[in-house]
There are 2 protein chains.
Amino acid sequence: MRDELKIFKKYLKQKGLKQTTQREVVLKLFLESPKHLSVDELSRRVRESDPGIGHSTVYRTLKLLAGCGLALESQFLYGRTCFEPAWGVEPHHHLICTRCGTISEFRDPLIGAVRDKICKGLDFKPEADRMEVYGVCSDCQGPRELREED
Amino acid sequence: MRDELKIFKKYLKQKGLKQTTQREVVLKLFLESPKHLSVDELSRRVRESDPGIGHSTVYRTLKLLAGCGLALESQFLYGRTCFEPAWGVEPHHHLICTRCGTISEFRDPLIGAVRDKICKGLDFKPEADRMEVYGVCSDCQGPRELREED
DNA sequence: CTATATGCAAAGTCTTTGCAACCAA
DNA sequence: TTGGTTGCAAAGACTTTGCATATAG
């Protein structure tokens, strides 16, 4: 059994909640799907796999997954909200292409270092952070040779 | 006349749009209000100043202000969206207290440096970025002497 | 005059909630 | 049994849009 399923089951038991088929299906699809799916897109996939599962169950299950650290909610600009797997995933940040919508990731230890320095200086206790860069990805910029420099 | 009003008027003329009392009122209140106000809060203030101005006019005007660079839209986690003045304001990032909701700002040149380095490496053309740190502000942590260390 | 702007209400989004039926434990 | 769960539909919160009227240029 996957670690994530174990964690989820343990979390449910610990909270006195019940383990249901729907919850397992949502977790499975969540883990199998590409990252950065919108709730709607995930919900559509869940329905394809098991047409009986309602929209609200997907939402409710995602909240539970976020509650036990298996999912992380991201709200990007331009109205997109998505949940992404968070277990065993190192902290990272996002690059969002404003042309094609592709979301990619990057990591850099300096970001965390700056955050800690700032927080220390301002006596702010950090719990979470996010950084996003919006712009045009390599593909959408077209072939390098044809680009106008700006 | 404030620079912002000049810029706005110039923008409107250039786009073939009209200069109206409502637009001026919204701009004025937007500039006079504390930063990081939600659209609803701003709309309420606009109504107080001029009860006839509709909600949609506020929304439409804010979009215009964002279009000419006078306002910047920020969507924070936990459902808060706000516009903040952007003209003559240096790029900065936000600290959001998850207890009291206070939003403060910080600046650090390293953030931009990391962004540029990452983007260069990935051939991504950056247009905008944001960084937010969520946590507990100094006030909400209580008196320093009484805090449990963790 | 004429094209844009306005206010209202209605319609969209996206997400949450109330509820009767259901089902793990 | 019994208390959490589900799907549905309805309700919410927030934002945009359609339209008849008003108005800047």
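The model shown is predicted, which means the values in this text are computed figures rather than measured ones. Keep in mind that the numbers below use all heavy atoms, side chains included, and drop hydrogens, waters and symmetry copies.
Taking a 4.0 Å limit (strictly below) on heavy-atom distances, residues 23-46 of chain B reaches DNA chain C at B:Arg23. The stretch residues 61-72 of chain A has no heavy atom under 4.0 Å from DNA chain D, so no residue of it qualifies as close.
Remark: B:Asp40 engages no residue in a salt bridge (charged side-chain N to carboxylate O under 4.0 Å, His left out) (not counting sequence neighbours). A search for salt bridge (charged side-chain N to carboxylate O under 4.0 Å, His left out) contacts involving B:Glu41 returns nothing, not counting sequence neighbours. Applying the salt bridge (charged side-chain N to carboxylate O under 4.0 Å, His left out) criterion to B:Lys63, with sequence neighbours excluded, gives B:Glu73. In this view, B:Ile7 and B:Leu70, B:Trp87 satisfy the side chain to side chain contact (heavy atoms under 4.5 Å, CB included) rule, not counting sequence neighbours. Under the rule for a salt bridge (charged side-chain N to carboxylate O under 4.0 Å, His left out), A:Arg47 has no partner lying at least two apart in sequence or in another chain.
Contact annotation: A:Thr20 side-chain N/O to C:dC23 OP1/OP2 distance is not under 4.0 Å. Of the side-chain N and O atoms in A:Thr81, one or more sit less than 4.0 angstrom from OP1 or OP2 of C:dT15. One finds no side-chain N or O of A:Tyr59 lying less than 4.0 angstrom from the OP1 or OP2 phosphate oxygen of C:dT16.
Under the ring pair (Phe, Tyr, Trp, His ring centres under 6.0 Å) criterion, no residue pair touches residues 5-32 of chain A, with sequence neighbours excluded. Residues in residues 129-142 of chain B take part in these salt bridge (charged side-chain N to carboxylate O under 4.0 Å, His left out) pairs, two or more places apart or across chains: A:Arg130-B:Glu132, A:Glu132-B:Arg130, B:Arg115-B:Asp129, B:Arg130-B:Glu132. The stretch residues 85-100 of chain A participates, sequence neighbours left out, in no salt bridge (charged side-chain N to carboxylate O under 4.0 Å, His left out) pair at all.
Summarising the geometry, the separation between CD1 on A:Ile53 and P on D:dT6 is reported as 9 Å, rounded to the nearest angstrom. Here C:dA24 presents its C1' atom at 12 Å from NZ of A:Lys13, a figure rounded to the nearest Å. When the P atom of D:dG25 is taken as reference, atom CD of B:Gln14 falls 16 Å away, rounded to whole Å. In this structure, the NZ atom of A:Lys15 is 13 Å from the P atom of D:dG4, given to the nearest Å. If you take CZ of B:Arg60 and C1' of C:dA9, they are 12 Å apart, rounded to a whole angstrom. The CG atom of B:Asp50 sits 18 Å away from the P atom of C:dA5 (whole-angstrom rounding). Protein atom NE2 of B:His55 is 10 Å distant from nucleotide atom P of D:dT16, rounded to whole Å. Atom CD of B:Gln19 is separated from atom P of D:dA22 by 22 Å (rounded to the nearest Å).
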Full working for salt bridge (Lys or Arg N to Asp or Glu O under 4.0 Å) between A:Arg45 and A:Glu32: CA-CA 10 Å; A:Arg45 283 165 187 249; A:Glu32 285 174 359; over 6 Å; no
Test log, rule salt bridge (Lys or Arg N to Asp or Glu O under 4.0 Å), inputs A:Arg107 and A:Glu105: CA-CA 7 Å; A:Arg107 272 154 247 271; A:Glu105 303 176 354; 3.3 Å; yes
CA sep, side-chain torsions, deciding dist, call: B:Glu127, A:Thr98, side chain to side chain donor-acceptor pair (under 3.5 Å): CA-CA 9 Å; B:Glu127 293 169 338; A:Thr98 53; 3.1 Å; yes
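If one axis is set at each end of the helix from C:dC1-D:dG25 to C:dA25-D:dT1 from five pairs, those axes are 30° apart, to 10°.
How far OG of A:Ser33 is from NZ of A:Lys28: 9.5 Å, rounded to the nearest 0.5 Å.
Residue-level contact check: A:Ser56 touches the bases, meaning some heavy atom is under 4.0 Å from a base atom.
For A:Lys120, the NZ atom counts as loosely surrounded, since its 6.0 Å shell holds 12 or fewer non-hydrogen atoms of other residues, nucleotides or ligands.
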Shorter than 3.5 Å, N or O on both sides, protein versus nucleotides 1-3 of chain C: list them out with atom names.
{"unit_1": "C:dA3", "atom_1": "N3", "unit_2": "B:Lys18", "atom_2": "NZ", "d": "2.8"}

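Ring pair A:Phe106/A:His93 is tilted by interplanar angle, where 30° to 60° counts as tilted.
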